[in-house]
Each structure stands twice: as C-alpha cells, then as structure tokens.
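Comments concern the structure below.
Atoms considered below: every heavy atom in the structure, side chains included; atoms not considered: hydrogens, waters and symmetry mates. Please read all numbers here as calculations on a predicted model, not as lab measurements. Convention: sequence-line order gives letters A, B, ...; per-chain numbering from 1.
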There are 2 protein chains.
Amino acid sequence: MAPKSASARVPAPRWRRRAEARPEEILEAALAEFTAKGFEAARMEDIAKAAGLSKAAIYLYFPSKMALLEALIEAKVSPLAHQAATLAAAGQADPLTALRMLSTAIAALMADPKVVAVPRLVIGVCGRFPEIAEYYRVQVVAKARGALEQLIEAGVAGGKIRKVDAAAAVRAFIGPLLFEAMWTHVLKGETALNDPRKLIEQQFDVLLNGLEPRA
Amino acid sequence: MAPKSASARVPAPRWRRRAEARPEEILEAALAEFTAKGFEAARMEDIAKAAGLSKAAIYLYFPSKMALLEALIEAKVSPLAHQAATLAAAGQADPLTALRMLSTAIAALMADPKVVAVPRLVIGVCGRFPEIAEYYRVQVVAKARGALEQLIEAGVAGGKIRKVDAAAAVRAFIGPLLFEAMWTHVLKGETALNDPRKLIEQQFDVLLNGLEPRA
DNA sequence: TCTTTATAACTAACCGGTTAGTTAGTTGCA
DNA sequence: TGCAACTAACTAACCGGTTAGTTATAAAGA
C-alpha cells in the first residue's frame, strides 16, 4: 500500500515553526477580516485561515478576540498619534506650514482603508467595550487634539493666526478630513482623497480665508 | 390551595391587543438596544422585553433583525435629510443665515444620542451589509450634500460668499459637527455640544473669517 | 554522524453557551 | 364563535474558546 518513501518525497510538512513572524501575520489577517465584516461578525476560524494556521494557534499568541482588537489599536494608531504630536510640537515656529504638512500626512492616512478601519472598529464596538473607547479617547484623540491646540495657540501668540478659539480651529482642521474619510470608506462614495493635493489646497483656502468675502 | 377566584380579580391580562402602536414601540426599543450594544450584540429577546412583548411577536411585525435596522434608518434619518434639503433650498436668498440656522438645527440633533446612534450603526454594519451603506449614501448624505452645495453656490453667485470650492465648503461646514458628535457619543469626551450657542458662534467665526489674520 | 530526549509549535475535534428564527397552542376581543 | 394578536417552548446553527494529542526542531550524548 503506502509506497515506502525513497521515491516518495518527504511529504511537504503541514506547517512550519515560525513563532517570530506569527503575531504580525495574525494581526494583519485580523485587521482584514474585521475591516471586511466588522468585529463581531469576523470569525476566528477565518482569521486563522487567512493567517495560514489553525484557530487554536491564534490562542497561543493572543488570549482572546478582544485582545486582537486591542493589539491592533496599539500597533496601528497609537504611534500615529505620537507622530502627530511630535510634528505639531516641532512646527510651533511656523504653525501654518506645520498644519499644511500635517494635513497632507493625514490625508494620505485617511486614504488608506487599513488605517481608517481601526477608528471604524472603535465606533462599532464602543458600546460594548467602553474601555476601548476610553483608551482611544485618552491615548489617541485627546493627545492629538491637545498637540494641535497648542500649535494653534502658538500661532495666535505669534500673530500668524487670528485670535480664534483653539478647539474650534482644531475641529475645523480635522473635521473635514474625518468627514471625507467616512464618506469614502463607509459609504463608498466618489472620493476627493484620490487627489490629496487638490483636497488640501481647497481645504486650506476655506480654512485660512473663510467663506466671507474679504474687504 | 389555589383560591377559587370570585374574590380573585380577573387576573390582569397578560397582554392587550395593540397592533397599531406596536411597530413604533418595537423600533424605539430596538434603537435603544442597538445604541447600547451595537447591532450584532443586541438580542431580539431584550428588544422584545423592552418593548413589552415576546420575541416571537416582533416577527409578526418585522421579518428579521436586519429589517429592524432598515426601518430605523428609514424612520429616523430619511426625513431628516429631506428636511435639511428643504431648509437649504429655502435659504438660497440669504445663504449665510440659512447656514447658521442649519448649523443650530444640526448641532441640536448631534447632541441627541438617539439620532447619532443611527449613523454609528451604519458605520458598524456597512462591511456586512453594503446595501445599507448604499442606501444611506444615496438617500441621506448625498442628498444633504447636494443641497448644501447648491446653497453655497447660490451664495457665491450672489456675492455673499467668497469664490470657494463648494464641496470643500460643505466639508468645512459639516465636518466639525461630525467630529464633535463622534467625540461626544463614541469617545464619551467632554463635549462642546452642551452649549450649542457657543459652539456655533466659534464654528462660524472660523468658518466665515478663516484662520489667517485679516489685513 | 546518528540516535535519543525534550519541548515549542501546531492541529483536529470538541464543548458549552448563545441566539435568530419557528411552531403549536392560548388569549383577548368583536 | 371566529380570528387576530400574542406567547412559551422549541430548533438549528453558529462560534469563541479549550483540550488532548501530533509534529517539527533543537540539543545532548554516543
């Protein structure tokens, strides 16, 4: 019956030991599944299949489904907020230029479904897992908001920016980008994010000069 | 044992026939549950209990859980978009005032968790049910967006508004409100929506005059 | 170099709990 | 009496997480 080897190759091993590469692969697969189906509807089995191992193996690296989401947030957006804060801090001398650079960077990120997926997930699960919302508020959004407000205030102090309410200015800066991201990735509408230069140019025309005709 | 009635009142009926009032009550309960736990995690049993009937009875009025969400969107936000469009159309003669009024109305809506809940749900389930996203894009957002753009363009044509890109102006108008709504209801942060007058005033200072110091 | 031993990495199969949706029967009301 | 409105009890299926067992690989001795 069973041909006795020799001619028969060693049958390709069913799996290989690759402990180092696993966590990242699993997270990547999880992000893809979560993005496509949402957190609750995504199945661990499918994530495992996409990552090329068994469902049980996932539990060797992550204790629960929820832990996958936490790790994703940590990995994908936490550094991002930090980077934004750094950029904002570095640009205090020339706030308008810093805002422009930030805007370009953010627009590029917003165009990437993988990046937008994370806040989308947060919106989806915040009702059930308030601690996720809390983490996101404190570690990501509040941090970025604070940095931007400082940037605005520095601009006001230096006379480069009109005396405006800092919180309102930050909303006016971030809000439109958020809106376009939702339109693009949630509603799948024709997006302006494909042409970031034009988008930024138009945004800054309104942001800097306002709607009212200048005297 | 069991006291033989006579003295015992007719036991309060376990339920009453109220077919007309049911659908609305069910939808209200569903919205509350969906808001608190998200679409997937909300249980039909709990919705039924909150609406004061049995789970099976829900299926006399709605064929599926998904139908509840569809009916909710139809009932809660579709008229809202229509109203926005009407207001925008009516205000073409004085676009800036119309924008102010719209802003106030929208801020009031954004402060209401029940209203924000619906778009939140859409964001959560859009991956699994693209037709929901499609409906929402076409029937709600595109409609409102279009009306606002017309309003802006009318303002530009009449000299009341600077020559700006209409889409950018709409983003600048809506984005900040959306951002604040998410901050408030998803991240549970301290909100500016509690003081709508101040919020609108600050938003319009930036929106109309921009960030750049005026000559 | 060839075993032997140890263990890290992995899988197949299962379990317990959950829940959307159904059915068969009961109750209120005209 | 008849029927629409309603419920209790049920089914079927799903899925997160566990467990018992298997395989790849490395290290230690001979």
Side-chain angles (χ1 to χ4, degrees), chain A residues 2 5 8-27 29-30 33-34 36-72 121 124-125 127-129 132, chain B residues 5 8-27 29-31 33-34 36-72 121 124-125 127-129 132:
Chain A
S5 76
R9 305 282 114 165
V10 266
R14 288 188 300 165
W15 46 266
R16 264 184 277 184
R17 312 182 68 178
R18 304 177 39 250
E20 279 85 55
R22 289 307 195 198
E24 200 172 349
E25 291 173 357
I26 293 170
L27 283 182
E33 289 293 318
F34 288 162
K37 309 197 190 148
F39 179 72
E40 329 262 352
R43 296 167 51 218
M44 292 298 270
E45 190 99 38
D46 291 344
I47 294 172
K49 197 167 290 179
L53 34 56
S54 70
K55 183 174 68 154
I58 293 183
Y59 288 91
L60 299 173
Y61 297 95
F62 299 94
S64 69
K65 195 182 184 183
M66 196 58 201
L68 284 178
L69 180 54
E70 279 163 5
L72 270 175
L121 288 169
V125 305
R128 283 230 287 171
F129 307 100
I132 288 280
Chain B
S5 77
R9 303 284 115 166
V10 266
R14 288 186 301 164
W15 46 269
R16 265 184 274 187
R17 314 184 65 179
R18 303 172 44 250
E20 279 85 57
R22 289 305 195 200
E24 200 171 348
E25 291 172 357
I26 293 170
L27 283 182
L31 179 56
E33 289 293 316
F34 288 163
K37 309 198 192 148
F39 179 72
E40 329 262 354
R43 297 169 49 223
M44 292 297 271
E45 190 100 37
D46 292 343
I47 294 172
K49 196 168 289 178
L53 35 54
S54 70
K55 184 175 69 157
I58 292 182
Y59 287 92
L60 299 172
Y61 298 95
F62 298 94
S64 69
K65 194 181 183 183
M66 196 57 203
L68 285 177
L69 181 54
E70 278 164 6
L72 270 175
L121 288 169
V125 305
R128 284 229 290 172
F129 307 101
I132 289 280

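Ranking D:dC6, C:dA20, D:dG17 by closeness to the B:Met44 side chain, first place goes to C:dA20. Counting only heavy atoms from C-beta on, B:Arg43 has its side chain closest to C:dT19 among D:dA8, C:dT19, D:dC6. Closest to the side chain of B:Ser64, out of C:dG21, D:dG17, C:dC10, is C:dG21.
Considering only heavy atoms from C-beta on, A:Phe62 stays 4.5 Å or farther from A:Glu70 through its side chain. Taking 4.5 Å as the limit, every side-chain heavy atom of A:Glu40 sits out of range of all side-chain heavy atoms of B:Phe39. With a 4.5 Å cut-off on side-chain heavy atoms, B:Leu68 and B:Phe34 count as touching.
Contact annotation for A:Ala42: backbone-only contact, meaning every heavy-atom pair under 4.0 Å involves sugar-phosphate atoms and none involves a base. Using a 4.0 Å heavy-atom distance criterion, A:Leu53 is classed as a sugar-phosphate-only contact. Residue contacts for B:Ala48: at a heavy-atom cut-off of 4.0 Å it reaches no nucleic acid atom on any strand shown.
Within 3.5 Å, a donor on the side chain of A:Lys55 pairs with an acceptor on the base of D:dG17, or the reverse.
Rounded to whole angstrom, the span from the CE atom of B:Met66 across to the C1' atom of C:dA20 amounts to 14 Å. A straight line from OH of B:Tyr59 to C1' of D:dA8 spans 16 Å, rounded to a whole angstrom. The CZ atom of B:Arg22 sits 11 Å away from the P atom of D:dA5 (whole-angstrom rounding). For the pair B:Leu60 CG and D:dA8 P, the computed distance is 13 Å after rounding to whole Å. Taking atom NZ of A:Lys65 as the reference point, atom P of D:dC14 lies 15 Å away to the nearest angstrom. In this structure, the NZ atom of A:Lys37 is 13 Å from the C1' atom of D:dC14, given to the nearest Å. Rounded to an integer number of Å, the gap from B:Glu25 CD to D:dC6 P is 10 Å. Between B:Ile58 atom CD1 and D:dC6 atom C1' the separation is 12 Å, expressed in whole Å.
With the nearest nucleotide of DNA chain D identified for both B:Ser54 and A:Glu45, B:Ser54 has the one nearer the 5' end.
Side chain of A:Lys37 to main chain of A:Arg43: no donor-acceptor pair is present (N/O by atom type, distance under 3.5 Å, no hydrogens or angles).
Across all their heavy atoms, B:Ala48 and B:Ser54 have their closest contact at CB-C, 3.5 Å.
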